[in-house]
Amino acid sequence: MRYIDEIDIKGKTLFIRVDFNVPLDHYRNITDDTRIRAVLPTINHCLEASAKVIVASHLGRPEGKPVEDYSMAPVARRLAYRLHKKVTLAPDCVGPAVDRLKKGMKRGDVLLLENLRFHGEEEKNDPEFARELMKGIDIYVDDAFAVAHRPHASVEAVTHFAPICVAGFLMRDEVHYFHKCLEDPARPLAALIGGAKISSKLTALINLLKHVDKLIVGGAMATTFLKAMGYDVGKSLVDDKLLKVAQDLMATALKKKVKFYLPVDCVVADRMDKRAETKITPVQEVPPDWIIADIGPATVTLFGEALQNAKTIVWNGPMGAFEYDAFSRGTMAMVHKVAESYALTIVGGGDTDVALHKAGEFQKFSYVSTGGGAFLELLEGKKLPGVTALENWAKRNRNAL
Ligand code: 3PG
Ligand code: MG
């Protein structure tokens, strides 16, 4: 893969694919702009070289047609604010009006294209659409790690039409840190995995067993393992079809000498509600009609001890239903434990970064991925189409740069 700082971009027209799929509230205010701030180094690098900067992203899932609620307008305003610079929002991402805007650009201008997913061709990886996107473009820059698991036109097909294809700084960091944590880690390497459903993380758990020294499982998915061990987990959600799979996973861990940890106590609730009755019980004593909602204090101590000598920690998924204050203590406590460790700490996927923000510990982690699904696919051992496309371009054009 080639990178943006290896090439001459002075005065060139660049197309930067980013992932500005940011959370919005009911009034379409951006509630977290981490993904916008994460690509500022790449955009500023281009602006310092007086390049013409075209930025493109998807937002939400508008399913191939223009939907006002998914317009990039709020993103354009926030990007302008973060760059301290005027950002022009194009009315579309392809077509004659966009061509005119592209032609009229001066050095140092920033043009944000409208939502790529307003066109169904984006998700179909359509080559004609990709050709349109690359019209008048000198260099394609992929800095959209969070969507690198989608073989979409602006991620994959464009690499067959752009004269030069490179990765941006965010993409480089994401791939680099991931490599450091799973492929070439300082050991012991511990994975802390939580989240709701074991089914959505099964492949990741199986793959992690090939890499880690310790596997620590919390969150709602731990209940499937507890049930598989014969415990009564009350009314907790359990993937009953996966009990055998959970048993096999534990057996594999034992065989591979991977140290495997499960909660020893939990916070149980009589219902999932902020007014619920709650108490702390050992996992052996979950009352029949209650639900496991969080890991308990003894588990926090246990997991903390297990992490103590780790030199690398990778974390994905909360330890309980932390969107409820009453069930957030386990996740918050683990944020502090991991933040205080001397290990290289990498967090990614879903809501885990939200927990770090909530606990005020974001800065203490070595790396927090911007990827949800993309990070999970890396944990699963998959190649990301976005990364492969850049690598293949570099292979095809070995002598081009
Ligand atoms: C994400 O937030 O997961 C990425 O932006 C990809 O979006 P998608 O899951 O809608 O493809
Ligand atoms: Mg997603």
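The structure displayed is predicted, hence computed values, not measured ones. In listed order, ligands and their atoms are each counted from 1.
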Donor-acceptor side-chain pairing of His119 and Asp126 below 3.5 angstrom: no

Residue pair Tyr140, Phe161: steps toward the ring pair (Phe, Tyr, Trp, His ring centres under 6.0 Å) verdict: CA-CA 9 Å; Tyr140 167 76; Phe161 299 102; over 10 Å; no

Over-ring placement of Arg172 relative to Tyr3, 6.0 Å and 45° cut-offs: yes

Aromatic ring pairing Phe362/His357, orientation class (parallel under 30°, perpendicular over 60°, tilted between): parallel

Per-ligand residue contacts, ligand 1, heavy-atom threshold under 4.0 Å: Asp19, Asn21, Arg35, His58, Arg61, Arg117, Ala146, Arg150

Centroid-centroid distance, Phe145 to Phe375, less than 6.0 Å: no

Side-chain heavy atoms of Asp142 within contact of Val166, under 4.5 Å: no

